Amino acid sequence: MRTRTGIRRIDWIVWSLAAVFLAYAAVAAVPPTEAAKPTAYAEECGACHTAYPARLLRPADWAVVLATLDRHFGVDASLNDTTRAAVARQLGVDPAVASAATTKAVPRITQQGWFREEHDEISAQLLRSPAVRGAANCSACHAGADRDQFDDHSVRIPR
Amino acid sequence: MFRKALIAATVLLAAPALADTPESLMRAYAEQARTTSASYAGPSPAAGRRLFHQQPRDWSCATCHTDQPAATGRHAITGKTIAPLSPVANPNRFCDAAKVEKWFKRNCNDTLGRLCTPAEKADLIAFLLGAKGGA
């Protein structure tokens, strides 16, 4: 009798494990873009450009960027509502504001006063060079840009 | 007991089959194409190749993904490195239906100025699956 009970207990454990695993598989089958992933900003925005640190623009400016993703500097960078809300929260923007229609011009980090001051010794020619391809390509000179490392002594100007 | 453990192990091993594959996505797009056209002949790598190089406006697929889809690309504006597009060279490609749809919407708009049809999407995947080296 004791043996039978022991077997039943092991059966129960095996089936519980199977149930837990099936639940895991069901969760894993949900497309990642549908879930509000904590890495949404780095994955979605960082796919095409440096995941610019949130502090480089004001929240109100980020809201305009997020509300105009379907015409994002000449390309379609649209996101579904769930993902856009996740990105908004990571940038410190109210998701409701980030989805409100706007006619405002899309703000550029490279046109901010602090950016121009920090880069005033960099020639337009260097910024246009094939190694850089424009001021938006932080990592051309700031190797740690994707990790938010922009300190002066780690800058390497490509020649 | 052991039989049940075996069943549990089978379930465990079968889980990755829930994920999308380039082939399953290509078949799904081809199925969609068939529902709108009875004469649809199935995915065509040659048509996919033409689509990849088609450039009615500023950009083609090759502008960023290079003319070798198995090679590393570079974003035309930002200069950001783009991992190879061909699933032959990059196993992370075409294994998430929602992600694939997101990029088809964006990039068809950016290159063709319109959305791609299901037949075009199936053609493109067929082309990329055969893109080992140059294209």
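Just the heavy atoms: all of them, side chains too, but no hydrogens, waters or symmetry mates, feed the values below. Chain letters run A, B, ... following the sequence lines, proteins first and then strands; every chain starts at 1. These figures come from a predicted structure and were not determined experimentally.
B:Leu51 is connected to B:Leu25 through a chain of hydrophobic side-chain contacts under 4.5 Å among Ile, Leu, Val, Met, Phe, Trp and Tyr, so both are in one cluster. Residues A:Trp114 and A:Val155 are members of separate hydrophobic clusters, defined by side-chain heavy-atom contacts under 4.5 angstrom among Ile, Leu, Val, Met, Phe, Trp and Tyr. Each of A:Trp62 and A:Val64 belongs to its own hydrophobic cluster when Ile, Leu, Val, Met, Phe, Trp and Tyr are linked at side-chain heavy-atom distances under 4.5 angstrom. Under the 4.5 Å side-chain heavy-atom criterion for ILVMFWY residues, a single connected hydrophobic cluster contains both A:Leu56 and A:Val87. Note on B:Tyr29 and B:Leu112: same hydrophobic cluster, where clusters join Ile, Leu, Val, Met, Phe, Trp and Tyr whose side-chain heavy atoms are under 4.5 Å apart, directly or indirectly.
Rounding to the nearest 0.5 Å places SG of A:Cys48 at 6.5 Å from CD1 of B:Ile82. Going from atom CZ of A:Arg133 over to atom NE2 of B:His75 covers 10.5 Å, rounded to the nearest 0.5 Å. If you take CG on A:Asp76 and CG on B:Asn107, they are separated by 8.5 Å, rounding to the nearest 0.5 Å. Rounded to the nearest 0.5 Å, atoms CG (B:Asn109) and CZ (A:Arg71) are 13.5 Å apart. We find the OG-NZ distance between A:Ser139 and B:Lys80 to be 6.0 Å, quoted to the nearest 0.5 Å.
Only the backbone of A:Thr50 has a heavy atom closer than 4.5 Å to any heavy atom of chain B. Residue contact with chain B, scored on non-hydrogen atoms closer than 4.5 Å, involves the backbone of A:Ala131 exclusively. Of the atoms belonging to B:Ala83, not a single heavy atom falls under 4.5 Å from chain A.
Comment: A:Asp70 does not engage B:Lys105 in a salt bridge, judged by the lack of any side-chain N to carboxylate O separation of less than 4.0 angstrom.
More than 12 heavy-atom neighbours from other residues, nucleotides or ligands sit within 6.0 angstrom of CD on A:Gln111. Counting heavy atoms of neighbouring residues, nucleotides and ligands inside a 6.0 Å radius, atom CD of A:Glu121 exceeds 12 of them. More than 12 non-hydrogen atoms from other residues, nucleotides or ligands lie less than 6.0 angstrom from CG of A:Asp151.
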**OP:** I would like to know whether A:Phe73 and B:Thr78 meet side-chain contact (heavy atoms from CB on, under 4.5 Å); could you show each step before the answer?
**Re:** CA-CA 11 Å; A:Phe73 303 107; B:Thr78 67; over 6 Å; no
Original post:
Where do B:Arg106 and A:Leu79 land on the side-chain contact (heavy atoms from CB on, under 4.5 Å) test, with the steps shown first?
Top reply: CA-CA 9 Å; B:Arg106 292 173 168 184; A:Leu79 293 171; 3.1 Å; yes
